[in-house]
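I have placed the structure first, in the form of structure tokens, so that the comments after it can refer back to it.
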Amino acid sequence: MRENGSSTQKTLTPFAQIEKKWQQHWEENGVFHTRTDADRQRFYCLCMYPYPSGELHMGHMRNYILGDVIARWHVMKGENVLHPMGFDSFGQPAEQAAIERKTHPAAWTYECIDRMKIQFRRLGISYDWSRELNTCLPEYYRWDQWFFLQLLKEGIAYKKKAPVNWCPKCEIVLADEEIVGGKCWRCDGEADRKDLEQWFYRITAYADRLLQELDLLEEWPERVRTMQAEWLGRSEGVEFNMPLAEGDGDIAVFTTRVDTTWGITYMVLAPEHPLVEKLIKGRPEEASVRAYLEKVSRKSELERISEEVREGVFTGAYAINPANEEKVPVWVGDYVLPQYGTGAIMAVPAHDQRDFEFAKANNLPIRVVIQPEGENLDPQTMTEAYIDSGVQVNSGVFDGLGNEEAKVKIAEWMEESGIGRRKVNWRLRDWLVSRQRYWGAPVPIIYCKKCGTVGVPEDQLPVILPEDAPFTGKGGSVLEQMPEFINTTCPKCGGPARRDTDTLATWTYSSWYYLRFASPKADKIFEREAVDSWLPVDQYIGGIEHAVLHLLYSRFYCKVMQDLGLVGFPEPFRRLFTQGMIYKDGAKMSKSRGNVVGVDEMCDTYGADSARCFILFMGPPEQDAEWRDAGVEGIYRFLGRLWRVVTTHLEHYDPKWSEKIAAATVTEAGQILRRKTHQTIKRVTADLERFHFHTAISALMELVAQMRELQEESKEPADLLVLSEACENLVKLLSPFAPHMAAELWEKLGEKDELCFVSWPTWDEAIAKEETITLVIQINGKVRDRISVEAGLPQEKLEEIAHNSPKIQTHLKGRAVKQTIVVRDKLVNIVV
RNA sequence: GCCGAGGUGGCGGAAUUGGUAGACGCGCUAGGUUCAGGACCUAGUGGCCGCAAGGCUGUCGGGGUUCGAAUCCCCGCCUCGGCACCA
């Protein structure tokens with residue numbers, strides 16, 4: 001056995017040979033091929049597919065091991081299980097890596113994929129590789145391009161020049177969802193803004209449904225739903241116009257606090273507001289405003305956010321408050337965001353903290369219009385804005401109303417008098433999908449001088465990404481330097497035309513890959529029938545980091561597809577499980593930190609089954625966990641004990657135990673094991689249902705301990721039958737967790753059926769039931785005695801037993817019993 | 001700052017409905033086995049007092065509800081996560 005592995009290989013069980021043998025067996029016999037038997041229920045178990053970044057470490061593997069246990073378990077429950085895997089293989093890290101290694105992103109990517117597939121196989125993950133998909137292959141990405149064209153037809157895909165997030169380090173544009181705290185999600189560098197012409201998907205048109213249909217996702221973690229709702233950021237308010245004091249024109253503002261309209265003392269435009277230029281033209285303030293705009297434009301997004309003093313300048317212009325006809329100054333300030341609402345605000349310093357700070361910094365007046373009950377706010381002495389509710393004052397005819405009521409009344413009045421209208425605003429903005437990068441699917445668009453922007457005709461798809469590109473990994477589209485790619489003919493007029501040189505963001509491929517798995521070879525985006533039979537995904541498993549990125553995009557795709565009649569359901573993932581991360585030495589496992597635990601080193605030393613069980617045994621899978629090498633030993637020793645207890649029993653194993661056991665006279669010790677066996681089946685099944693794999697494994701440990709005890713104690717023929725029953729069930733229960741060892745033991749037991757397909761065991765409630773219970777006797781809630789009694793005794797009997805206990809009698813001496821509480825089969829509490 | 005989750009031995013964690021706190025594992029201690037190491041086996045292991053029987057105490061801190069609270073309620077502390085000029 002030693003000759004097969006490294007010198008550190010443990011030798012408790014011959015795992016190296018076993019694992020190799022069964023991995024080969026499963027593969028040769030197509031055991032993991034998706035079954036589609038008509039009479040079985042279908043179950044789609046999917047783990048978020050990985051980006052092929054090279055090595056997978058044990059931290060990554062948690063996800064896949066969880067999924068594998070679930071998938072294997074459902075197969076044993078007799079279901080048709082779809083358990084596929086693929087690779088999210090387009091994206092910029094491949095470009096970076098390729099440059100570093102002086103190779104091509106494609107070559108690097110395929111190499112990584114090969115390595116990762118070997119690792120999946122080594123851990124015994126039961127993927128149906130005949131359904132593998134790979135997003136960087138034309139046969140996959142052509143459908144991404146196809147879908148782009150459908151979105152173009154629907155007006156969901158569109159191009160616009162807009163200020164977009166730009167990461168100078170990665171030299172790439174970023175979607176809003178890719179910005180984390182003003183920084184690039186990948187490199188953690190500060191992100192800038194840049195004005196660029198880009199492709200967007202109109203996800204905002206689906207904001208309402210994305211929010212409302214979160215309610216359909218009952219089996220999603222609350223946390224993820226909350227994060228999505230916050231990201232969508234629905235807010236109700238009123239939009240109205242503030243006319244300019246001189247000349248015509250007006251400035252639209254959005255507010256959620258229309259009740260504070262009478263408190264406006266100034267207004268503020270975002271520096272990027274298109275009206276700024278017009279307002280300042282020819283005024284004395286022009287120079288100072290320009291200087292301010294210049295200063296702001298040099299600030300990064302992060303600097304703008306973290307500014308301590310609220311800076312701004314007066315434009316010289318005035319606007320009219322339509323509520324009271326008052327003239328208020330128009331300022332420019334960078335605390336107003338260009339992308340939200342109208343890019344301009346009414347400022348009510350008395351009742352908005354940001355406006356308050358701005359007013360204080362710039363010496364602007366403050367007027368109270370909401371007075372809290374029993375108080376008298378004075379602008380002179382206020383130290384912060386009053387943002388809670390109260391009674392309207394200084395608000396004309398609305399004075400005296402509660403502000404919540406006034407909100408409604410004022411909105412109605414504005415609508416009736418044509419001043420404004422109620423509006424719902426969203427934080428969500430349209431999704432930026434184009435990237436000026438090489439390693440992606442080209443945007444299937446052709447620009448013709450005569451015909452304008454033309455979609456590539458569907459029969460000309462895919463637009464193949466040329467492999468011989470002179471890519472450097474530097475910014476700017478590589479495809480832009482390839483005349484042979486760019487120059488083409490217009491599909492409409494046949495004249496000379498140019499191809500779009502951008503590629504699609506990686507998120508677009510992952511937004512529908514789960515659909516492709518239903519019919520991965522289809523000569524269309526997918527077979528409707530296959531999709532209808534397998535989807536929505538019954539169990540989706542992945543990291544929390546995708547709570548608003550991948551999971552929001554995928555929901556959006558699914559809804560669009562539903563509207564296009566491509567699918568018949570609004571939500572792609574019925575049940576979601578988000579697993580916690582694995583840390584080591586206090587940090588997330590990563591190659592750069594040098595704290596990774598490799599799949600190979602684990603498998604070499606302890607074997608795949610130990611690696612799997614250890615990951616599962618670490619704790620609740622939704623929680624983060626710290627990797628401690630010492631813990632693996634414990635699991636490894638357990639598997640060794642399990643191996644020995646079963647192999648020791650082999651010579652006595654009787655496959656016909658179930659026929660004989662009823663007639664046999666089982667000893668007391670044998671009864672205990674029988675009970676334990678049935679209890680264990682029950683517990684493991686329940687634990688699998690609630691994703692408590694660690695307690696399922698503890699249950700197996702307890703069973704093994706009990707088996708060893710009987711094995712030591714008794715050689716009675718009846719007890720050997722009990723041990724046979726325990727062995728058979730133990731091996732079945734073990735199968736999803738440690739499939740190699742389970743398969744080997746199954747074979748050693750002489751069983752011929754494929755263990756992976758054997759029915760999940762059931763328990764007999766009558767056998768599982770305890771015959772005796774430990775009756776706890778308390779006095780005033782304190783445990784004073786424990787007595788083993790027959791289960792199911794009536795209340796009166798239990799009370800009698802309790803009072804007869806000598807220990808209890810000692811305690812009760814000279815005290816009057818006030819009350820006795822009896823919980824059947826549990827305890828008696830005597831109150832004195 | 002706002003929102004959410006959580007706080008249980010030396011450590012990871014159990015405790016399904018308010019009913020024996022600490023299952024299971026790691027570590028540690030003692031003993032056995034072994035040429036030795038490893039592995040394996042047996043016993044012990046929340047704290048305090050006690051030779052022992054046993055007692056007291058104990059689930060972040062403080063209050064409350066209850067015959068009974070790790071579990072429910074209120075206040076506070078701490079940790080982690082999300083959001084953070086969204087008008």
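As a basis for the values below, the full set of heavy atoms in this structure was taken, side chains included, without hydrogen atoms, waters or symmetry mates. Here is how names work: the chains are called A, B, and so on, in the same order as the sequence lines, proteins then strands, and each is numbered from 1.
- Pairs engaging residues 258-272 of chain A under the salt bridge (charged side-chain N to carboxylate O under 4.0 Å, His left out) rule: Arg257(A)-Asp259(A), Glu272(A)-Arg304(A) [sequence neighbours left out].
- Rounded to a whole Å, the CD atom of Gln778(A) is 17 Å from the C1' atom of G55(B).
- Put simply, CD on Glu633(A) is 10 Å from C1' on G38(B), counting in whole angstrom units.
- Within the 3.5 Å criterion, the main-chain N or O of Asn241(A) finds no donor-acceptor partner in the side chain of Asp250(A).
- Between the P atom of A23(B) and the CZ atom of Phe638(A) lies a distance of 17 Å, rounded to the nearest Å.
- Within residues 818-832 of chain A, the residues having any heavy atom under 4.0 Å from RNA chain B are, by residue number, Gln819(A), Ile821(A), Val823(A), Lys826(A), Leu827(A), Asn829(A), Val831(A).
- By the ring pair (Phe, Tyr, Trp, His ring centres under 6.0 Å) test, Phe693(A) pairs with Phe691(A), sequence neighbours left out.
- Partners of His694(A) under the ring pair (Phe, Tyr, Trp, His ring centres under 6.0 Å) rule, at least two apart in sequence or in another chain, are His692(A).
- When all heavy atoms are compared, the tightest approach of Gln711(A) to Val645(A) is NE2-O, 3.0 Å.
- Under the salt bridge (charged side-chain N to carboxylate O under 4.0 Å, His left out) criterion, the residue pairs touching residues 771-794 of chain A are Arg675(A)-Glu771(A), Asp785(A)-Lys807(A), with sequence neighbours excluded.
- Atom C1' of C24(B) sits at a distance of 15 Å from the matching atom of U45(B), rounded to the whole Å.
- Closest-nucleotide positions on RNA chain B for Gly634(A) and Arg708(A) were compared, and the one nearer the 5' end corresponds to Gly634(A).
- Base pairing of G25(B) is made with C11(B), judged by Watson-Crick or G-U wobble geometry with both donor-acceptor distances under 3.5 Å.
- With sequence neighbours left out, Val832(A) forms a side chain to side chain contact (heavy atoms under 4.5 Å, CB included) with Ile779(A), Asn780(A), Leu812(A), Arg815(A), Val817(A), Ile830(A).
- Atom CD in Glu799(A) sits roughly 13 Å away from atom C1' in C67(B) (whole-Å rounding).
- One C1' atom belongs to A15(B), the other to G27(B), and the distance between them is 22 Å to the nearest Å.
- Which of C41(B), U20(B), A87(B) sits closest to the side chain of Arg641(A) comes down to C41(B).
- Here A69(B) sits opposite no nucleotide as a Watson-Crick or G-U wobble pair (both hydrogen-bonding atom distances under 3.5 Å).
- Taking atom CD on Glu622(A) and atom C1' on G4(B), their separation rounds to 15 Å, with Å as the unit.
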Under 4.0 Å protein heavy-atom contacts per nucleotide of nucleotides 5-16 of chain B, with B for base, S for backbone only and - for none: ------SBSSS-
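- OP1 or OP2 of G27(B) lies within a sub-4.0 Å distance of a side-chain N or O belonging to Arg637(A).
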Could you go over nucleotides 50-54 of chain B and give all protein N or O partners under 3.5 Å, atom names and distances?
none

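- Pairing partner, A30(B): U42(B), with both Watson-Crick or wobble hydrogen-bond distances short of 3.5 Å.
- Comparing the same atom, C1', in G13(B) and in G6(B) gives a spacing of 14 Å after rounding to whole Å.
- For His273(A), the side chain to side chain contact (heavy atoms under 4.5 Å, CB included) criterion is met by Ile251(A), Leu269(A), Leu275(A), Val276(A), Ala344(A), not counting sequence neighbours.
- Between the CD atom of Gln711(A) and the P atom of U42(B) there is a distance of 12 Å, given to the nearest Å.
- Val336(A) comes within 4.0 angstrom of a base, heavy atoms only.
- Met618(A) is listed as a side-chain neighbour of Ile615(A), based on a closest heavy-atom distance under 4.5 Å.
- By the rule that a glycosidic angle within 90° of 0 means syn, G58(B) does not qualify and counts as anti.
- Nearest-nucleotide assignment on RNA chain B puts the 5′-proximal partner with Trp231(A), out of Trp231(A) and Gly341(A).
- Straight-line distance from the CD atom of Gln679(A) to the C1' atom of A23(B): 13 Å, rounded to whole Å.
- Nucleotide G1(B): paired with C83(B) (Watson-Crick or G-U wobble, both distances less than 3.5 Å).
- Annotation: G44(B) and G54(B) have their P atoms spaced 16 Å apart (nearest Å).
- Rounded to an integer number of Å, the gap from Glu702(A) CD to G25(B) C1' is 11 Å.
- Residue Thr256(A) is classed as a sugar-phosphate contact, given heavy-atom separations below 4.0 Å to backbone atoms only.
- Contacts of Arg225(A) with the nucleic acid, taken as non-hydrogen atoms under 4.0 Å apart, are absent.
- For the ring pair (Phe, Tyr, Trp, His ring centres under 6.0 Å) test, residues two or more places apart in sequence or in another chain that qualify with Tyr335(A) are Phe358(A).
- For the pair Arg367(A) and Trp262(A), the NZ or CZ position fails the cation-pi test of under 6.0 Å to the six-membered ring centre and within 45 degrees of the ring normal.
- Taking atom C1' in both G19(B) and C78(B), the straight-line distance is 30 Å, to the nearest Å.
- Rounded to whole Å, the separation between the C1' atoms of G9(B) and A23(B) comes to 14 Å.
- Rounded to whole Å, the separation between the C1' atoms of U8(B) and U59(B) comes to 4 Å.
- Straight-line distance between the P atoms of A69(B) and A30(B): roughly 39 Å, to the nearest whole Å.
- Under the Watson-Crick or G-U wobble criterion, with both distances below 3.5 Å, A36(B) is left unpaired in every strand shown.
- The closest donor-acceptor contact from the side chain of His351(A) to the backbone of Gly263(A) lies at 3.5 Å or more, if one exists at all.
- Within the nucleic acid shown, Arg310(A) comes within 4.0 Å of at least one base atom, counting heavy atoms only.
- Residues passing the side chain to side chain contact (heavy atoms under 4.5 Å, CB included) test with Glu219(A), sequence neighbours excluded: Arg574(A), Arg575(A).
- Checking U59(B) for Watson-Crick or G-U wobble geometry (two distances, each under 3.5 Å) identifies no partner in any strand.
- Applying the side chain to side chain contact (heavy atoms under 4.5 Å, CB included) rule to Glu230(A) yields the partners Thr226(A); only residues at least two apart in sequence or on another chain are considered.
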